Amino acid sequence: MQMNKKSLSTIFCCLLSLAPAAFAEEVVVYSARIEELIKPMFDAFTKETRINVKFFADKEGPLLERLKTEGKNTPADILITVDAGNLWQAAEEGLLKPVNSEILEANIPHHLQDPHNRWFGLSVRARTIVYNTQEVKPAELSTYEQLGDAKWKGRLCLRTSKKVYNQSLVAMMISEHGEAKTEQIVKSWVNNLATDPFSDDTRAMEAVAAGQCDITLVNTYYYGRLMEKNPTLPLAIFWPNQKQRGVHVNVSGTGITAYAKNEKAAIKLMEFLSSEKAQNLFADVNLEYPANPKIKADPVVVAWGSFEQNSINVAKAGELQAAAVKLMDRAKYK
Ligand code: FE
C-alpha cells in the first residue's frame with residue numbers, strides 16, 4: 001500500500017494525541033462518599049499530577065461486599081469510607097494493605113489512623129450533644145454519662161443503636177470505662193428516652209426542636225446541614241467531657257486495597273488527600289473537621305466553638321464494635 005506524506009502525518013499526529021490518554025497513570029477508587037463530596041478533590045489531584053481518577057460510589061456495606069467478591073480481580077486501588085468501625089472491618093477482612101508514607105504520618109495524627117497503617121482518617125466528625133435552647137441551659141450539661149441522670153427522665157432522644165455511629169460511641173466508652181460500667185450508663189440512657197430511637201440524626205434533632213425531648217446525640221455535620229436549612233430552630237451544640245477524655249470523634253478515611261494494581265499512584269492520591277490543598281475540600285463540603293490539624297475548618301464549623309477531642313485511637317471503635325452491639329442489646333437500646 002502506498003501512503004502519501006499527508007496521510008502519514010495525519011496518522012502520526014493522531015497517535016501522538018492519543019498517547020497521553022492511553023498511557024496516563026490511573027487510580028480506581030471505591031467510595032462510600034457520594035460524588036459531590038469527592039469529585040472536586042479528584043479533579044484537583046488530576047490537574048496537579050496528570051494521574052486520572054476513576055471512581056465508583058456506593059453505600060459502605062455493598063462496597064465492602066464487592067471488594068470481597070472481586071478478590072484479586074478487583075479494579076479498585078483505594079477504598080474511601082466513613083467510620084473507623086467500617087475501616088477496621090475492611091482491614092480485618094484482609095481487604096486493605098499497610099502503607100508506609102512519611103507524608104501521611106506527618107499529616108494525620110496517630111489517634112486518627114490504623115496502628116498498622118492500613119487506613120488513615122481524612123476528616124473528623126464529632127458526635128456530641130445537641131440541646132433545645134429554650135428548655136436546657138448549657139450549665140446543666142456536662143458529659144455523655146450524665147445524660148443518664150434522673151433529671152433527664154423522659155427528655156432524651158437517641159438515634160437507633162443499629163447505626164455504626166452509636167456502636168462506635170459505645171465502643172469508645174467501653175475502652176474508657178470497661179463493659180460493666182458502660183452497660184449501666186447505656187441502660188440509664190434507655191431509661192431516660194422520651195420515645196423510641198430514631199432512624200437518623202436529623203430526625204432526632206427535629207424531635208428536640210419540636211419539644212418532644214430536650215437533648216440528643218448527633219454528628220455535628222447533621223446539625224450544620226439542618227441549621228443551614230432552618231437557622232431559627234432552637235438548637236445548640238454542647239461539647240461534653242471536656243474535663244474528662246474529650247468529645248467522641250470518628251473519621252472518614254481511606255486505605256489501599258490488598259490487590260491494588262496502581263499502588264504508587266494510589267499512595268500519591270492518599271497523600272494528596274491528606275495535604276493542605278485537599279483537606280479543606282474534603283472536610284468543608286460536608287461541614288467536617290480536617291484530620292490534618294494544621295488546616296482550619298470551615299468558618300461555619302469554627303463558629304460552633306473549639307473542643308478537646310478524645311485521643312484514644314479510633315481503631316478501638318472497630319475492635320470493640322461487636323462487644324458494643326451486644327452490650328446495647330443487653331441494655332435494650334434498640
Ligand atoms: Fe453520616
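For clarity, every value in this text was computed on a predicted model and none was experimentally measured. Residue numbers start at 1 and run along the sequence shown. Counting convention: from 1, in listed order, for ligands and their atoms alike. When reading the values below, keep in mind they use all heavy atoms of this one structure, side chains included, and skip hydrogens, waters and symmetry mates.
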Requested in this report: Would you please test T81 and E60 for side-chain hydrogen bond (donor to acceptor under 3.5 Å, both in side chains) and show each step?
Outcome: CA-CA 6 Å; T81 189; E60 54 259 29; 4.7 Å; no

Report task. Only counting residues at least two apart or in another chain, list the ones meeting salt bridge (Lys or Arg N to Asp or Glu O under 4.0 Å) with D284. Result -> none

Query raised in the report: Looking at F282, does the NZ or CZ of R33 lie under 6.0 angstrom from its six-membered ring centre and within 45 degrees of the ring axis?
Result: yes

Query raised in the report: Just wondering, are more than 12 heavy atoms of other shown residues or ligands nearer than 6.0 Å to NZ in K326?
Result: no

Query raised in the report: Ion pair present between E276 and K294, side-chain N to carboxylate O less than 4.0 angstrom?
Result: no

Query raised in the report: What are the protein N/O/S atoms, named by residue and atom, that sit under 2.8 Å from the Fe ion (ligand 1)?
Result: Y165 OH, Y221 OH, Y222 OH

**Report entry** Cation-aromatic face contact R203/Y222, 6.0 Å, 45 degrees
**Finding:** no

